[in-house]
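The basis for the numbers below is simple: all heavy atoms, side chains too, and nothing from hydrogens, waters or symmetry mates. Convention: sequence-line order gives letters A, B, ...; per-chain numbering from 1. These numbers were taken from a predicted model, which means no experiment stands behind them.
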2 protein chains.
Amino acid sequence: MSIPLNPSCQNCKDRFSSIFCKADQNNLEQIDAAKVCSSYKKGQVIFHEGAYPFGVYCINDGKIKLSHSGDDGREQIVRLVKAGDIMGYKALLSNERYTATATALEDSSICFIPKDLFLNILQSDASLSFEMMRILSSELRKAELKITHLAQKPVRERLAETLLFIKETYGLEEDGHTLSVRLSREEIANLVGTATESAIRLLSEFKKDGMIELEGKKIRLLDMPEIIRTANLHD
Amino acid sequence: MSIPLNPSCQNCKDRFSSIFCKADQNNLEQIDAAKVCSSYKKGQVIFHEGAYPFGVYCINDGKIKLSHSGDDGREQIVRLVKAGDIMGYKALLSNERYTATATALEDSSICFIPKDLFLNILQSDASLSFEMMRILSSELRKAELKITHLAQKPVRERLAETLLFIKETYGLEEDGHTLSVRLSREEIANLVGTATESAIRLLSEFKKDGMIELEGKKIRLLDMPEIIRTANLHD
DNA sequence: TTTTCAGCTTGACACAAGTCATTGGATGCC
DNA sequence: GGCATCCAATGACTTGTGTCAAGCTGAAAA
């Protein structure tokens, strides 16, 4: 493993998929000069709920979860982040402390872009700030949909929906069935918004019904049509 | 009632509180020329979930609810909108159809700003687009908090929280106790994310415990500290 | 090998909260 | 007036889902 510590943005493998593909060359060079790239081990925390933000993080490689911790200490995962995505912008833009904790789901490589630079570029680059608005709108849309489902759908449907969501976010392995992320049952439950035991029980049911296959933390989606039907997503 | 049909933005009573207070004079004049102001009766729909957006709406006067309708037809209220707020920007920015329906909670006066003009101004006016990002970030933060609470808090706490939220949004009448909006029990339930009967039952409990007073659709908040304690919001 | 421990699984149980059904009040309309 | 309609309130009942507790498993350590 020889990940360069500060790879150039111009060669970044995510430069066409990330928000910065909209930035102009000049700004890209500025970011390149100021950014700091670091490696994080699985389980390591990138930033903590309650801390003050000093910049944004751009995922070069890896997978991250963003989670709130409720009053009783149980965590609620609010977003899954992948390579090419940025995180930490919400706190920066609203000028408040982080409302979520970012934890690496696997070994990850993440670039840090200082607050002032990011905000300056955002002010000067209209297409970049438009892209930022698009991202925010899209996240907001997803969040509102999740609110409706949490309020109205039973756990079983939400679990099926969550499996589909994980697939959409992180994709499948080469076999075309296995989710390419390893989550604990507790993390799945915290994504669905239910108790760990309920998540486990329903996963077993799904397995018994032939919808999925379980092997440790590996989850294979077998009967996609049935999963979609269970999630109650026909459109 | 003699509300002018197209009041000038320069004299709009909300011009210092709305997002457009950040817009420069020149842009304001353009908006003034292009906007169309309309009156809506209580219960009237301003736009429908699923429809394509042609612009943004700026509330001049009145109160609006934004709601998703779930698969089973039950509605989930995702936002309460007041004078000075804008709505419909999310669909416009992400270039998708409306994901929510906007309904007037009381007689309202609303300005419509055409899509192209709004997007153009947003592109050219950095401080306006920055303000737009701040609004989106703040809405996203609220939505994520709501997700955590829906997943983790019991209905009783969420109802207390909702009463506080309504107070924060629409304020109180002169007496300093009565919520200055009239919502049906069903609407309150759809805001909390619960069944109408549950909301009614818990409101009765709150009343019995001396926290609130009920008189038809009027809700008076009496024991604020106790409501806050019930909502489990200490910070 | 055995020990240890964290995470997974299952069962038993309780209860919060949803659904269904009925009644009581308003309010508006003919 | 009476009738219809909508909403609020309450009771009775059911059930989904959380909690507690007890095994189980597999991996890592000793």
Seminar exercise, completed: Between NZ of A/Lys207 and P of C/dC8 the distance, given in whole Å, is 14 Å

For this session: Starting from the C-alpha separation in whole Å, work towards a yes-or-no answer on side-chain contact (heavy atoms from CB on, under 4.5 Å) for B/Val81 and B/Thr169.
Result: CA-CA 8 Å; B/Val81 186; B/Thr169 309; over 6 Å; no

Exercise. How long is the line joining NZ of A/Lys153 and P of D/dT17, in whole Å?
Worked result: 13 Å

For this session: Counting heavy atoms from C-beta on, name the nucleotide in C/dG18, D/dA8, C/dT10 closest to the side chain of B/Ile200.
Result: D/dA8

Seminar exercise, completed: Winner on side-chain proximity to B/Arg185, out of C/dG18, D/dT19, D/dA8, is D/dA8

Exercise. Reckon B/Thr196 touches a base, only the sugar-phosphate, or nothing at all at heavy-atom distances under 4.0 Å?
Worked result: nothing

Exercise. When the distance from CD of B/Glu186 to C1' of D/dA8 is rounded to whole Å, what number comes out?
Worked result: 12 Å

Seminar exercise, completed: Atom CG of A/Asp72 and atom C1' of D/dT19 are separated, to the nearest Å, by 13 Å

Exercise. For the pair made of CG in A/Leu203 and P in C/dT9, what is the distance, rounded to whole Å?
Worked result: 8 Å

For this session: Would you kindly give the CZ-to-P distance between B/Arg156 and C/dC15, to the nearest whole Å?
Result: 16 Å

Problem set entry | Spacing of B/Arg158 atom CZ relative to C/dA16 atom P, expressed in whole Å | 14 Å

Problem set entry | B/Lys217 vs D/dA8: side-chain N/O to OP1/OP2 distance below 4.0 Å | yes

Exercise. Is it the case that B/Lys63 places NZ or CZ above or below the six-membered ring of B/Tyr170, under 6.0 angstrom from the centre and within 45 degrees of the axis?
Worked result: yes

Seminar exercise, completed: Of D/dC20, D/dG18, D/dA9, the nucleotide closest to the side chain of A/Thr194 is D/dG18

Exercise. If every non-hydrogen atom of A/Leu140 is compared with every non-hydrogen atom of B/Ala143, which pair is closest and at what distance?
Worked result: CD1-CB, 4.2 Å

Exercise. Given atom CD of B/Glu205 and atom C1' of D/dG11, what is their separation to the nearest angstrom?
Worked result: 15 Å

For this session: Would you mind telling me which residue lines up with the more 5' stretch of DNA chain C, A/Glu197 or B/Arg201, judged by nearest nucleotide?
Result: A/Glu197

Exercise. Counting only side-chain N and O atoms of A/Ser184, is one of them less than 4.0 Å from OP1 or OP2 of C/dG7?
Worked result: no

Exercise. Is the distance from OP1 or OP2 of C/dT10 to the nearest side-chain N or O of A/Ser204 less than 4.0 Å?
Worked result: yes

Exercise. Does the distance from a Lys or Arg side-chain N to an Asp or Glu carboxylate O, for B/Glu139 and B/Lys90, drop under 4.0 Å?
Worked result: no

For this session: Return the minimal non-hydrogen interatomic distance between A/His177 and A/Leu172, and the atom names on each side.
Result: O-CD2, 3.6 Å

